[in-house]
Amino acid sequence: MDELRDLYQEIILDHNKNPKNFHVMEDATHKSDGHNPLCGDRLTVYLHVDGDRITDVSFQGSGCAISKASASVMTTALKGKTVAEARELFHKFQDMLTREDAAIPDLDEFGQLAAFAGVREFPVRVKCATLSWHTTMAALDDENKIVSTE
Amino acid sequence: MDTVHSPGETELLPADIEAIRREFPVLQQEFYGKPLTYLDNAATTQKPQVVIDRLRRYYEQENANVHRAVYSLGELSSKAFEDSRIIAQKFLNAASEKEIIFTSGTTDAINLVAATFGRANLGPGDEVIISAMEHHSNIVPWQIVCEEKGARLKVIPIDDRGDLILEEYEKLLSPRTKLVAVVYISNSLGTINPVKKVIELAHAHGVPVLLDGAQAVSHLPVDVQELDCDFFALSGHKVFGPTGIGVLYGKEALLEAMPPYRGGGDMILSVTFEKTTYNDLPFKFEAGTPNIAGAIGLGAALDYVMSLGFEKIAAHERALLDYATEQLDAIDGLRIIGTAREKAGVISFVLDSAHPHDVGTILDHEGVAIRTGHHCTQPVMERFCVPATSRASFSIYNTFEDFDRLVQGIRKVQKVFG
Ligand SMILES: Cc1ncc(COP(=O)(O)O)c(C=O)c1O
């Protein structure tokens, strides 16, 4: 039961219910669709990149609580970061979810992203938590690419 | 939650169910300190001890390749293998054991028909009729052959309950129709289709019918002669048998006329570099060393089901379906997807407050195993405008208490997401 409580933390449930930056962005410079066929999650990530800096992030779509909350927290975490910082944060986030030996993330730096540490105990849910990130990376790499977690 | 239920005459008593449960070793396990509540039987069924023992006996005492050995051990394996074919023949009430082709499962059986019957009979402008509730395995093989041959796929629509719209089906039948391929029991909606009517209508146009019987065989008795279906596909693992084995039933005359599927050993009478003469039925369609153990295990599984008797199975499952439907219907914020007039074994549902994936994770921690997702029927999800559903599917060994635990679990989900 404790594992479950770690998974469905208040922060995650809140973001699921009231996701941040949950809208279409008309003037996006980058956009990508993500799809997890296993559970039917579908989302679109929109980015506005100015030079090297991500000035705005938003998303739209439907999915489970983990994928929706993760997308929501991600948008708040990425706003204002440079593209390089975003990539680095993604790798750290992924490590936290998948590597036993990953260092416990620094709460100051990681903020609400740390709430997803509990996902590590649920390997089938890792894809849910990383869908929005993969989609964002794809948007930065190549516009309008559809990402599938399969 | 207490269970008030009085069993009828043909029904299995709680003691009978207990006895059945004891025959399934998997069900004796616990997860997260809770008894396993296995409600994913549409994906695969558990195996009774008799099937496990039969596989073991085969490998310990009878293992040899079939049909080619002159020694006694090989005779044992060949006999056990062919005996299983006869059990399958009896199970389906096929006219001849030549009509029973062992495949690796339903998917393989449908692909066989698509690649042989389909390739031989479809041409530009011809049509294959399927339904809107097919499993991907009864969609994609037809798409592939239709594309290759310039033929078209026509789809019988379903209504809001999940019933086939037969008037629309009648309109689709035409001289261009070369085959109708429909599911007997839907794995995502639980609908039992009126296949006899479907077959009658097709036959009135001289069109043969393939039934996807993957879900049907564990829930109701199948008599292919009574149904008068032309092909029938099933998977062993969905009827208490091993994975990797299934059956394609086909009417002898149709099978005789079809070209072979795969080439190789066992499917030939003689081979020279100039010409190969194909073997007789059913071997013509069984190239290579078959899944001998699987076929023998399937025989044991079908014997097991027949010994329980479908009358009892059906009565028990009917009672479970009624009970479960009532319990789930009483939950606020829960909607059952699939409310056909005739249903079996499957209840799909969605919650207002939680996504199926989250439902599945929380239920797992209650020891309750259900499936979440699209159940390989994406067009059904689209039809009902849901990205996915949670699906509880049950079998002979499930109890009313299993559904009480499911309901408790759902209430827990609603509490988390309240
Ligand atoms: C209705 C239906 N048809 C076909 C299949 C495919 O069966 P298999 O994967 O055993 O080939 C399934 C299994 O999920 C099914 O439920």
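Keep in mind that the numbers below use all heavy atoms, side chains included, and drop hydrogens, waters and symmetry copies. What you see is a predicted model; the values in this text were computed from it and never measured. Naming: A, B, ... by sequence-line order, numbering from 1 per chain.
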| Counting only heavy atoms not in E148(B), do more than 12 fall under 6.0 Å of its CD? | yes

| request: Please lay out, stage by stage, how D41(A) and H355(B) fare under the test side chain to side chain contact (heavy atoms under 4.5 Å, CB included). | output: CA-CA 10 Å; D41(A) 290 358; H355(B) 187 279; 3.3 Å; yes

| message | Applying salt bridge (charged side-chain N to carboxylate O under 4.0 Å, His left out), can you list everything that pairs with R87(A), at least two apart in sequence or on another chain? | response | D141(A)

| note | Rounding to 0.5 Å, atoms CD (E3(A)) and CG (D364(B)) come to a distance of 9.5 Å

| message | Using the side chain to side chain donor-acceptor pair (under 3.5 Å) criterion, which residues pair with R405(B)? Sequence neighbours excluded. | response | T37(B), D402(B)

| request: For the residue pair C128(A) and H357(B), establish whether any side-chain heavy-atom pair is separated by less than 4.5 Å. | output: yes

| Above 12 or not: heavy atoms from other molecules or residues under 6.0 Å from CZ of R335(B)? | no

| query | Which value, rounded to the nearest 0.5 Å, describes the distance between L4(A) atom CG and E366(B) atom CD? | reply | 8.0 Å

| query | Out of curiosity, H365(B) NE2 to R5(A) CZ, how far, rounded to the nearest 0.5 Å? | reply | 12.0 Å

| query | Any idea which of S67(A), A65(A), S62(A) has the most non-hydrogen atom pairs under 4.5 angstrom with chain B? | reply | A65(A)

| message | Can you confirm whether D27(A) is buried at CG, in the sense that more than 12 heavy atoms of other residues, nucleotides or ligands lie under 6.0 Å from that atom? | response | yes

| Thinking salt bridges, do K68(A) and D358(B) make one under a 4.0 Å N-O criterion? | no

| request: Check whether R125(A) gets within reach of chain B through its side chain, its backbone, both or neither, counting any heavy atom under 4.5 Å. | output: side chain

| field | Per-residue contact mode, L7(A) against chain B (heavy atom under 4.5 angstrom) | value | side chain

